[in-house]
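Take a look at the structure set out below.
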Amino acid sequence: MELFNVYPLVNITPVKALGAKLWDDKGQEYLDFYGGHAVISIGHSHPHYVQRLTEQLQNIGFYSNSVQIPIQAQLAQKLGQVSGYEDFSLFLCNSGAEANENALKLASFHTGKKRVLAFKGAFHGRTSGAVAATDNPKIVAPFNADHAISFVEYDLAAVEQVLQGGDVCAAIIEPIQGVGGIIMPSDEFLTGLAALCKQYGALLIADEVQSGYGRSGKFFAHQHTGIRPDVISVAKGMGNGFPIGGILIAPELKASYGLLGTTFGGNHLACAAALAVLEVIEQEDLLNHAAELGHYLRSELEANAGAEEIRGRGLMVGIKYDFPIKDVRDKLLSDFHIFVGNASDPTVLRLLPPLNITREEVDRFLQALYAIIPVEVKK
């Protein structure tokens, strides 16, 4: 049997990782400025993370959600404390797509409606409802295409027009679009969206799968605006590489047996990984670190990168040029051994380094970028 070939792969085989560095099977060192799609939040193989998982595995790694699993409650309490959402409830699952799928399902259960309001450029995952709410027809199979989805621009008049139809269960939005190219709706738009959702009885779902867990310099990117969503989806940086996701649920939404469910969600090992991440974020003050180092990174790029626009907050950064960045990305990897990302917009270079990246490592990336970009761009 062979693997189902759905990913284009670079010819590199990482075998070891520590902090923001990777080593391949030939001993070559790489700087990780992409974190495996924003997954590596506290650095590869962080000692506290390794210890937490090792100790948990030596006791029990898994049992189903039919028994008491106290570490789930510990995680919920810690996540509420660190994120500022102590009055919310937590449903645990396994991935960002599954988190968004459950968020949409919960909104539909709660409101009795089925239409979802989503936004141009959105990416919410590849499960049935999440992929239907993703603005990429190439990955939406006919089986997924019958969901009631309305895509709009960041335009409050367009939002209200859809909401006036009376059949919208939820608006789902990324406070910072990741795959879309580090696109940020304005703070005023997010505030207006929250008000309109409340006015028309639709839930507001903040997809923080990529922008959450300190990536923006606050625990959640929407916290830069002061809004309070009804449901918040999380994953990626939540487990620092261990598969885990979840939704934070406002107290107005009530649980019932069988409403949502999962076999693997909230297993002992996943919760240990997620607790380790939160503990390191607190102990190493990574929210402030991401905010400060992100400001330094963006300021340097604005001054010296010759880009059309520097986007993002914290350590979620997009560099937009007026030409495709594929060659720049390839040279960063082949000539300077630095992993970076791209976006659905081929002119945007996407940066998602671990939150504990150092100033020296940031400078190493900057020097490599400046050595690659065309001279006429820098002028």
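Since this is a predicted model, take the numbers as computed values, not measurements.
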Any chance you could measure [X], atom [atom1], to [Y], atom [atom2], to the nearest 0.5 Å?
X	Y	atom1	atom2	result
Q74	I69	CD	CD1	11.5 Å
N100	E208	CG	CD	10.5 Å
N267	N94	CG	CG	7.5 Å
F109	C169	CZ	SG	11.5 Å

(message) Between D345 and K320, does any NZ, NE, NH1 or NH2 come within less than 4.0 Å of an OD or OE carboxylate oxygen?
(response) yes
(request) Could you tell me whether R313 and D187 make a salt bridge, using a distance below 4.0 angstrom between a side-chain N and a carboxylate O? (result) yes
Is a donor from one side chain sitting under 3.5 angstrom from an acceptor on the other, for [X] and [Y]?
X	Y	result
Y200	E160	yes
T191	E188	no
D24	T13	no
Q77	Q81	no
N136	T134	no

Is the shortest heavy-atom distance from the side chain of [X] to the side chain of [Y] under 4.5 Å?
X	Y	value
H110	L203	yes
Y85	P229	yes
V39	Y213	no
R329	S334	no
I183	R311	yes
Q72	C271	yes
R359	L293	yes
F189	V159	yes

(message) If you apply the rule salt bridge (charged side-chain N to carboxylate O under 4.0 Å, His left out), what do you find for E29 with R364, and how did you get there?
(response) CA-CA 13 Å; E29 179 185 294; R364 175 180 162 187; 3.5 Å; yes
(message) Between L352 and Q210, does the side-chain contact (heavy atoms from CB on, under 4.5 Å) criterion hold? Intermediate values first, please.
(response) CA-CA 9 Å; L352 299 159; Q210 189 170 135; 3.5 Å; yes
Quick check: does any side chain N or O of [X] sit under 3.5 Å from a backbone N or O of [Y], one acting as donor and the other as acceptor?
X	Y	value
D230	L204	yes
N240	V277	no
N356	I42	yes
S108	L104	no
R126	V131	no
E101	A130	yes
D135	G121	yes
Q177	P185	no
Y49	G239	yes
E98	T127	no

(request) Check step by step if side-chain contact (heavy atoms from CB on, under 4.5 Å) holds for L287 and L355. (result) CA-CA 8 Å; L287 298 185; L355 301 184; 5.6 Å; no
(message) side-chain contact (heavy atoms from CB on, under 4.5 Å) for V348 and I319? Distances and angles first, verdict last.
(response) CA-CA 5 Å; V348 175; I319 311 171; over 6 Å; no
Using the rule that Ile, Leu, Val, Met, Phe, Trp and Tyr join whenever any side-chain heavy atoms are under 4.5 Å apart, tell me whether [X] and [Y] fall into a single cluster.
X	Y	value
V280	I40	no
F336	F33	yes
V317	I325	yes
L22	V362	no
L31	L301	yes

Tell me if the aromatic rings of [X] and [Y] count as close, with their centers under 6.0 Å from one another.
X	Y	value
F62	F264	yes
F339	Y30	yes
H289	Y296	no

(message) Against F88, only a single residue in L248, V231, I247 fulfils side-chain contact (heavy atoms from CB on, under 4.5 Å); can you say which?
(response) L248
(request) Among D330, D327, V328, find the one that has a side-chain contact (heavy atoms from CB on, under 4.5 Å) with I372. (result) V328
(request) Test K78 against E279 for salt bridge (charged side-chain N to carboxylate O under 4.0 Å, His left out), laying out the working first. (result) CA-CA 8 Å; K78 190 68 172 177; E279 288 159 357; 6.0 Å; no
(message) Can you see whether Y34 has R350 sitting over its ring - NZ or CZ less than 6.0 Å from the centre and within 45° of the normal?
(response) no
(request) May I have the step-by-step check of side-chain contact (heavy atoms from CB on, under 4.5 Å) for V168 and V116, ending in yes or no? (result) CA-CA 6 Å; V168 176; V116 171; over 6 Å; no
Could you tell me whether [X] atom [atom1] has more than 12 heavy atoms of other residues or ligands within 6.0 Å of it?
X	atom1	result
E308	CD	yes
Q283	CD	yes
H37	NE2	no

(message) The test is salt bridge (charged side-chain N to carboxylate O under 4.0 Å, His left out); show your working for R228 and D87 and say whether it passes.
(response) CA-CA 12 Å; R228 181 181 165 95; D87 59 331; 2.4 Å; yes
(message) Suppose we screen for ring-ring contact (aromatic ring centres under 6.0 Å, His included). Which residues come up paired with H46, at least two apart in sequence or across chains?
(response) none
(request) Start with the C-alpha distance between D32 and K21, add both sets of side-chain angles, then the distance that settles salt bridge (charged side-chain N to carboxylate O under 4.0 Å, His left out), and finish with yes or no. (result) CA-CA 6 Å; D32 187 3; K21 294 178 180 177; over 6 Å; no
(request) Grab the two heavy atoms, one from S41 and one from L286, that are nearest each other, plus how far apart they are. (result) O-CD1, 4.5 Å
(message) Between F119 and Y154, does the ring-ring contact (aromatic ring centres under 6.0 Å, His included) criterion hold? Intermediate values first, please.
(response) CA-CA 7 Å; F119 294 90; Y154 294 145; 5.6 Å; yes
(request) Let me know which of Q58, R52, Q51 forms a side chain to side chain donor-acceptor pair (under 3.5 Å) with E55. (result) Q51
